[in-house]
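The structure under discussion appears below in the form of structure tokens.
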Amino acid sequence: MERYEPLKIEQKWQKIWADNKTFKATEKPDTLKMYIAEMFPYPSGAGLHVGHVRNFTIVDVLARFYAQQGYNVMRPFGYDTFGLPAENYAIKTGTAPQEVTKININNFRKQAKRLGYAIDWDREINTSDPDYYKWTQWCFLQLYKKGLAYQKESYQWWCPEDQTVLANEQVENGKCWRCGHEVEKKKMKQWFFKITEYADELLSEIDALDWPDKIKTMQKNWIGRSAGAEIDFEIVGGAPKIKVFTTRPDTILGATFLVVAPEYPSLDALTNDDTKEAVKAYKTAALKKSEIERQENKEKTGVFTGSYAINPATKEKIPVYVADYVLAGYGTGAIMAVPAYDDRDREFAEKFDLPIVEAEFVDRDLYGTPKITYKMRDWLISRQRYWGCPIPIAYDKEGNPHPIPEDQLPVLIPEVEDFRPDNSGHSALAKAKDWLKVELYNEDTGKVEEMTRETDTLDGYACSSWYLWRYASPHDKKHAWDEKAIKYWEPVDIYVGADHAVAHLLYVRFWCKFFADEGYLPFREPIKKLIYHGYINAPDGKKMSKSKGNVIDPLDVINDGYGADTLRTYEMFIGPVELDAAWDPRSVGGVYRFLNRCWSLLGNISKADNIIIRNKTIKKVTTDIVKCNFNTAVAALMEYVNELYKQGASKEDLIALAKLLKPFAPHLASEMLERLDTDDEWPKWDEKYLTSDTVEVIVQVNGKLRAKLTVKTEDLEDEEKITSLALSDEKVAKYTKNGVKKSIFVKKAHLLNIVV
RNA sequence: GCCCCGGUGGCGGAAUUGGUAUACGCGUUCGACUUAAAAUCGAAUGGAGAAAUCCAUAUGAGUUCAAGUCUCAUCCGGGGCACCA
């Protein structure tokens, strides 16, 4: 038997799979389908890292496992290519992002192929390909038509480093998710998707999903539903009345003042000549505060506006304050303060010496109207950046927006010399003077007019909100997705990723519900099962990063001679799928030794037949893969191989081994199967071989292990016989000579506990 | 501050869901092969003890014939939310 040479074997099988298009997925109406995908990667210049390998290999193990079981499997692949890294690289080097992206994709594809993934390469998609983003624009227009894509002028998060606005989901602890720079608030007119329209459904359907609890909880918290009431307060002197939101309308008798947010629209009308300056100064200072400052300093601040409101329950005059502990974007931006029952209000009342009244509770809907409020805000989608999907809108001379007709899509990204963003509030698209102008029919005037194109691009998350449907018919020239293909393949059966708990995973659910309402999708939840796996850290437990110099390059591991099979199997063995794990180069060697042993067994087929352990292993590996317990599935295979080494392995033992190994180490297993001259159909176990003629019975005295008896399996039915056998055991007798109180026999655990 | 998870050998981690704690891998030690080394193969490996045994799943109590698993308290680590009225 020749040596195990992974690189040689892998090259051979990768060629065979590519030449035969082995993993091409076609619709087979009579076969159960299984659609499995990873969260498609952003193809960075650094190439694949070990985290990608974990992500893709989980998908691959499942895809191959189900294919071997006879499912009609689709396992597509694609690239999420719009975004800042490619654009920033372009700015630095002067290479167009289009070019950079092409190079990175080619590299990613080449590397992914070295890992032997069962990908249908004919379904590759790329979000910055005009054939793709044409349909992203189409999606935008559908939302626009229904009023779910709209413009609004309001205070937004602005990243001064990246010179763009950000969605709430992209601000982490007051910092930009991309560059980590502190964000600021800026009043701007921006495009939004009205995700709040679906808040209730997004919340209520979470529980039924087969997703990790962690993600479900995060989404629930993010949506943040609370039930309360809106109550109107008249203002003395005739200023517009103030509507407040409260979850405790029953405490209204204790409401001794009102507070509005600094951004409150009619704040000016509440002031008088005495208070005007102070209020203005307070507002300016509050808006300048960064999110971090607001979080760090929770000391209450505020000023009296000069106005009084009438408490509708007590009819008393109560002062109206402005304070930044009230948030503009939540509820109505105004509250009734009940210092007796709310800690924040009490703190404010104590500081400003306002009355604290412990009044009785009243009926909840006596003075207000019931109202449900959500923490979730609408999704801000405009970005003042070049490398994104252009928003298909143009403006007439009055500045009114008009959609670009569907037959004029795609709105192509214009080529420019300088991709740099600036603080003009416009993206670099504004520098393409020719592109900017477009002749469009204006429905308002009934004339064809010259209009100016929208220069903002779409948040990259818009592009990834529908790609899972594009995979079903990636080359469709006439539709975003083909109705028939969607009906067969969707929804996604298993989706695998390690990020985007609220953003992406909430947005795809939102779009799914919208397009279901529009009749384009026959389901309302896009992903049946979600697997959220942990990260792989450096051997020292720290995050891998170029600057720390602790990055493990998966291609190095392969080329060092271990091969892709070892890399794949190691990453499945590294620990429970949902946990972070530290890379251990020595364990990689352990997995390589294991595969080597599998290979060596092939050269020495014996007569020994290990029916029992073979059946046990088949059962264990099968059930473990279904439960995504990949680490213990590999451990079971190792145990099996150790046993075969001791006992000798029959051809049948080896066939089972190769088939079970194939999802993890497909090249080696394919080579083994070829030499064993057999197919790869997933093996079945037979319960009747899981028990032997004899069984070991554990004998405890007072819960402590004292003896192990070997009895005939059928004797498990005879408790008396086992008890007397146990009592006559020399070791047991030592402890039971003073008599036995009782004994408990557990057949399932083949255990006997004698109490003395 | 509030809400979730976790804590098991020298290390990563198993444990049929209340039933033999430490599977599997790494590391370590010894042995075989070899002139030698690597590779490979075999054996041992929670702690104490000569042994019988005893003690060990963060700590302390409790329930039970039986607890890593259930209950309560405490300590430590991780994650999420965080002025959301």
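Numbers restart at 1 for each chain; the letters A, B, ... are given by sequence-line order, proteins then strands.
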Check: So which nucleotide from B:rA85, B:rC65, B:rG25 ends up closest to the side chain of A:S587?
Finding: B:rG25
Margin query: So, does A:T632 get its side chain near the phosphate of B:rA23, meaning an N or O under 4.0 Å from OP1 or OP2?
Written below: no
Item checked: Pairwise P distance, B:rC5 and B:rU69 [rounded to whole Å] -> 16 Å
Margin query: For B:rG18, give the paired nucleotide (Watson-Crick: N1-N3 plus N6-O4 or O6-N4; G-U: N1-O2 and O6-N3; both under 3.5 Å), or none.
Written below: none
Check: Can we say A:K688 and A:D686 salt-bridge, meaning some charged N sits less than 4.0 Å from an Asp/Glu carboxylate O?
Finding: yes
Margin query: From C-beta outward on A:L751, which listed nucleotide comes closest to its side chain: B:rU20, B:rC55, B:rC65?
Written below: B:rU20
Notebook entry, point to check: Distance check: side-chain N/O of A:N631 vs OP1/OP2 of B:rA14, anything under 4.0 Å?
Noted result: yes
Note to self: Over all strands shown, is A:I754 touching base, sugar-phosphate only, or nothing at heavy-atom distances under 4.0 angstrom?
What the structure shows: nothing
Notebook entry, point to check: What's the closest nucleotide to the A:D324 side chain, out of B:rC83, B:rC24, B:rG13?
Noted result: B:rC83
Notebook entry, point to check: Roughly, in whole Å, what's the span from CG in A:N537 to P in B:rG78?
Noted result: 13 Å
Notebook entry, point to check: With a 4.0 Å cut-off on heavy atoms, is A:R706 in touch with a base, just the backbone sugar-phosphate, or nothing at all?
Noted result: sugar-phosphate
Check: In whole Å, what is the span from the CZ atom of A:F745 to the C1' atom of B:rU20?
Finding: 14 Å
Check: B:rG31 pairs with which nucleotide, Watson-Crick or G-U wobble, both distances below 3.5 Å?
Finding: B:rC41
Next item on the list: Would you mind classifying the nucleic acid contact of A:K742 as base, sugar-phosphate or nothing, using non-hydrogen atoms under 4.0 angstrom?
Entry: sugar-phosphate
Checklist line | Which nucleotide in B:rU20, B:rU53, B:rC41 has an atom nearest any side-chain atom of A:K708 | finding: B:rU20
Margin query: Rounding to an integer number of angstrom, what distance separates B:rG13 and B:rG78 when you compare their P atoms?
Written below: 15 Å
Checklist line | Glycosidic conformation of B:rU59, taking syn as within 90° of 0 and anti otherwise | finding: anti
Check: Does A:K747 have a side-chain nitrogen or oxygen under 4.0 Å from the phosphate oxygens OP1 or OP2 of B:rU16?
Finding: no
Check: Paired with B:rG1: which nucleotide, if any, by Watson-Crick or G-U wobble criteria at under 3.5 Å for both distances?
Finding: B:rC81
Checklist line | B:rA67 versus B:rA21 - spacing of their P atoms, nearest Å | finding: 10 Å
Item checked: Closest to side chain of A:M638, choosing from B:rG19, B:rG25, B:rA52 -> B:rG25
Notebook entry, point to check: Starting at CG of A:N596 and ending at C1' of B:rA38, how long is that distance when rounded to a whole Å?
Noted result: 14 Å
Item checked: Protein-nucleotide distance (A:F630, atom CZ; B:rG13, atom P), rounded to Å -> 17 Å
Note to self: I'd like to know whether NZ of A:K351 has more than 12 heavy-atom contacts from other residues, nucleotides or ligands below 6.0 angstrom.
What the structure shows: yes
Notebook entry, point to check: Considering only B:rA85, B:rC83, B:rU53, which nucleotide approaches the side chain of A:D342 most closely?
Noted result: B:rA85
Notebook entry, point to check: Below 4.0 angstrom from OP1 or OP2 of B:rA14, is there any side-chain N or O of A:N629?
Noted result: no
Note to self: Can you check the distance between B:rG62 and B:rA14, where both ends of the measurement are the P atom (answer in whole Å)?
What the structure shows: 31 Å
Check: Which is true for A:S600 with a 4.0 Å heavy-atom rule: it touches a base, it touches only sugar-phosphate, or it touches nothing?
Finding: nothing
Check: With a distance cut-off below 6.0 Å to the six-membered ring centre and an angular limit of 45° from the axis, does A:R248 pair with A:F361 as a cation-pi contact?
Finding: yes
Notebook entry, point to check: Of the nucleotides B:rG25, B:rG27, B:rU53, which has the atom closest to the A:R586 side chain?
Noted result: B:rG27
Note to self: Side chains of A:L258 and A:V244, heavy atoms from C-beta outward: is any pair under 4.5 Å?
What the structure shows: yes
Next item on the list: Pull up the glycosidic torsion of B:rG12 and say syn or anti, syn being anything within 90° of 0.
Entry: anti
Notebook entry, point to check: Taking for each residue the nucleotide of RNA chain B with the nearest heavy atom, is it A:Y645 or A:Y735 whose nucleotide lies nearer the 5' end?
Noted result: A:Y645
Check: B:rC65, B:rG27, B:rU53: which one has an atom nearest the side-chain heavy atoms of A:R593?
Finding: B:rG27
Item checked: Main-chain N/O of A:V577 paired to A:Y532 side chain as donor or acceptor, under 3.5 Å -> no
Next item on the list: Can you figure out which of B:rC83, B:rG12, B:rU20 approaches the side chain of A:I698 most closely?
Entry: B:rU20
Check: Quick one, which residues of residues 209-224 of chain A touch RNA chain B with a heavy atom under 4.0 Å?
Finding: A:M218, A:N221
Notebook entry, point to check: Counting only side-chain N and O atoms of A:K704, is one of them less than 4.0 Å from OP1 or OP2 of B:rC55?
Noted result: yes
Checklist line | Aromatic A:F233 / basic A:K243 pairing, under 6.0 angstrom, 45° off normal | finding: no
Next item on the list: May I ask which nucleotide in the shown strands pairs with B:rU64, Watson-Crick or G-U wobble, both distances under 3.5 Å?
Entry: none
Check: Using purine N1 to pyrimidine N3 plus N6-O4 or O6-N4 for Watson-Crick, or N1-O2 and O6-N3 for G-U wobble, each under 3.5 Å, what pairs with B:rG6?
Finding: B:rC76
Note to self: So for atom NZ, which belongs to A:K616, do other residues, nucleotides or ligands contribute more than 12 heavy atoms lying within a distance under 6.0 Å?
What the structure shows: no
Checklist line | Output field: ring centroids A:F257/A:F352 closer than 6.0 Å | finding: no
Check: When you compare B:rU57 with B:rG9, how far apart are their C1' atoms, in angstrom units rounded to a whole number?
Finding: 10 Å
Margin query: With a cut-off of less than 4.0 Å, is there a side-chain N or O of A:K734 near OP1 or OP2 of B:rU53?
Written below: yes
Notebook entry, point to check: Whole Å only: how far is the CD1 atom of A:I372 from the P atom of B:rA85?
Noted result: 12 Å
Next item on the list: Classify the nucleic acid contact of A:V746 as base, sugar-phosphate or nothing, counting any heavy atom under 4.0 Å across all strands shown.
Entry: base
Check: Do we get A:R597 above A:Y645's six-membered ring, with its NZ or CZ under 6.0 Å from the centre and within 45° of the axis?
Finding: yes
Next item on the list: Specify the residue among A:E639 and A:L705 whose closest nucleotide of RNA chain B lies further upstream toward the 5′ end.
Entry: A:L705
Next item on the list: Flag this pair as yes if the NZ/CZ of A:R614 is under 6.0 angstrom from the six-membered ring centre of A:Y640 and inside a 45 degree cone about the axis; otherwise no.
Entry: no
Notebook entry, point to check: On a whole-Å scale, what distance lies between the P atoms belonging to B:rC2 and B:rU17?
Noted result: 36 Å
Notebook entry, point to check: Between A:K708 and A:V699, is there a donor-acceptor pair closer than 3.5 Å when you use the side chain of the first and the backbone of the second?
Noted result: no
Margin query: Both distances below 3.5 Å, Watson-Crick or wobble geometry, any strand: find the nucleotide opposite B:rC54.
Written below: B:rG47
Item checked: Partner nucleotide of B:rA23 by Watson-Crick or wobble geometry (both distances under 3.5 Å) -> none
Margin query: Using atom P in both nucleotides, what's the gap between B:rU35 and B:rA51 to the nearest angstrom?
Written below: 39 Å
Notebook entry, point to check: Choosing from B:rU20, B:rC65, B:rG42, which nucleotide comes nearest the side chain of A:E696?
Noted result: B:rU20
Checklist line | A:K152 NZ/CZ over A:F192 ring centroid, <6.0 Å and within 45° of normal | finding: yes
Check: Looking for any heavy atom pair under 4.0 Å, which part of the strands does A:E347 touch: base, sugar-phosphate only, or nothing?
Finding: nothing
Checklist line | Short side-chain N/O contact to B:rC41 OP1/OP2 from A:R597, under 4.0 Å | finding: yes
Notebook entry, point to check: For B:rA85, does either OP1 or OP2 sit under 4.0 Å from a side-chain N or O belonging to A:Y325?
Noted result: no
Next item on the list: Could you work out the separation of B:rG68 and B:rG46 based on their C1' atoms and round it to a whole Å?
Entry: 15 Å
Next item on the list: Report which part of the nucleic acid A:G590 touches: base, sugar-phosphate, or nothing (heavy-atom distance under 4.0 Å, all strands).
Entry: sugar-phosphate
Next item on the list: To the nearest Å, give me how far apart NZ (A:K375) and C1' (B:rG80) are.
Entry: 11 Å
